[in-house]
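In what follows, chains carry the letters A, B, and so on, assigned in the order in which the sequence lines appear, proteins first and then strands, with residues in each chain numbered from 1.
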There are 2 protein chains.
Amino acid sequence: MTFISSRMLSNTAEDTDINILERKQTMLLRNSLTISHELVSRVVLPGDSVVDATMGNGNDTLFLAGLVGGTGKVYAFDIQEQALEKTGQKVKNAGVQDRVALIRDGHQNMDQYVPKGIKAVMFNLGYLPGGDHKLGTRAETTIAAIEKALALLCREGIVMIVIYYGGDSGFGEKEAVMAYFKTLDAKNYSVLVHEFVNQANCPPIAVCIEKYID
Amino acid sequence: MTFISSRMLSNTAEDTDINILERKQTMLLRNSLTISHELVSRVVLPGDSVVDATMGNGNDTLFLAGLVGGTGKVYAFDIQEQALEKTGQKVKNAGVQDRVALIRDGHQNMDQYVPKGIKAVMFNLGYLPGGDHKLGTRAETTIAAIEKALALLCREGIVMIVIYYGGDSGFGEKEAVMAYFKTLDAKNYSVLVHEFVNQANCPPIAVCIEKYID
């Protein structure tokens, strides 16, 4: 399995970063995607139920299906048919379709499909590489979805968010979610932001929210 | 060994945070000090040479002495005699004095004492708990010291910085070093900032710089 997201290979501006990132694969600090996968791997156990809130090309859906094993469950959301088709094929090829539910609906409605007691929810904010940019995630529905995700989490569960911003996506959603994180009560949640501050082209930011209440 | 710094127990404002932090000891996200120790533990091996750039009460000196083992070397700096006395006693009690050099000089002069090829350099920015606040670290000498540290590092070595700020220390040093980090060439260094964004009382920030050149 590779930890370089296809999302990051989607435009020329980011290809330069990728060359640097590939050179660093044996090193300590890598990129937001590896941070995201490492933190999620530390909390998700076989048998857990988890959510991929932004299915996209299905990379995280497949990653989560591996972590939860045959007795676990992955609920994956996207509003684009293209995402469900690609992910459905990927999941089928890996033979893990029994543990994966692909749901064509906005992630802000996840509470209509997902039972309480979820161990982890993953978000990639931005737009689907190769997809319609107008259909990317948006601040209003993203924040509504994060609120739903936090309510569904079990104690010590996490919401893991990788924020792609700048370029076509702009800065609006990033600024809105970063402002939202500061409002979360520190008695109930810890919010750790990981940011690579010396890279060009707005490298993605990895944010982990851990829950301390039932 | 405890990962709660005595620095963090030094005033009432931070004791509230400590209560929350202690509750989280079994959890995924902890605090900047645990992030710092975890990252340093991942790169430092027995036999390595390392630097504690801000000796203070000697907690990191002792931590590093454990990591480098009997064949490694720790160079620890402080300008306050009190720091050398406390740390000297701590190091002696642990029976690791042979691998530790306590140097009473400013960390901006570390290149006068330390050979090239260092694996890790640790900084705690702020002032020594219980010590003279006027003798805390300052932006100008701190940045000079970080530059010296980066030059002394081997390839894949790290500089690990925990920034205590706010309150008596103010924001000046934090803002100056954060601006400095952005100037580091991404081809040669990666700078990852870890920040707990929803906590009160300016929780410390952990910054890891990894070097990609010889």
Find the distance between [atom1] ([X]) and [atom2] ([Y]) and round it off to the nearest 0.5 Å.
X: A/K187; Y: B/N198; atom1: NZ; atom2: CG; value: 11.0 Å
X: B/S190; Y: A/R30; atom1: OG; atom2: CZ; value: 12.0 Å
X: A/L39; Y: B/L29; atom1: CG; atom2: CG; value: 6.5 Å
X: A/E156; Y: B/L28; atom1: CD; atom2: CG; value: 9.5 Å
X: A/F181; Y: B/E195; atom1: CZ; atom2: CD; value: 13.0 Å

Next item on the list: Please look at B/V43 and chain A and tell me whether the side chain, the backbone, both or neither of the residue comes under 4.5 angstrom of a heavy atom of that chain.
Entry: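 Just the side chain, heavy atoms under 4.5 Å.
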Next item on the list: Taking the side chain as every heavy atom from C-beta outward, state whether A/V197 and B/V207 have any pair of such atoms under 4.5 Å apart.
Entry: no
Checklist line | Within 6.0 angstrom of A/E38 CD, more than 12 heavy atoms from elsewhere | finding: yes
Notebook entry, point to check: When you look at CD of B/Q97, are more than 12 heavy atoms from neighbouring residues, nucleotides or ligands closer to it than 6.0 Å?
Noted result: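 More than 12 within 6.0 Å, yes.
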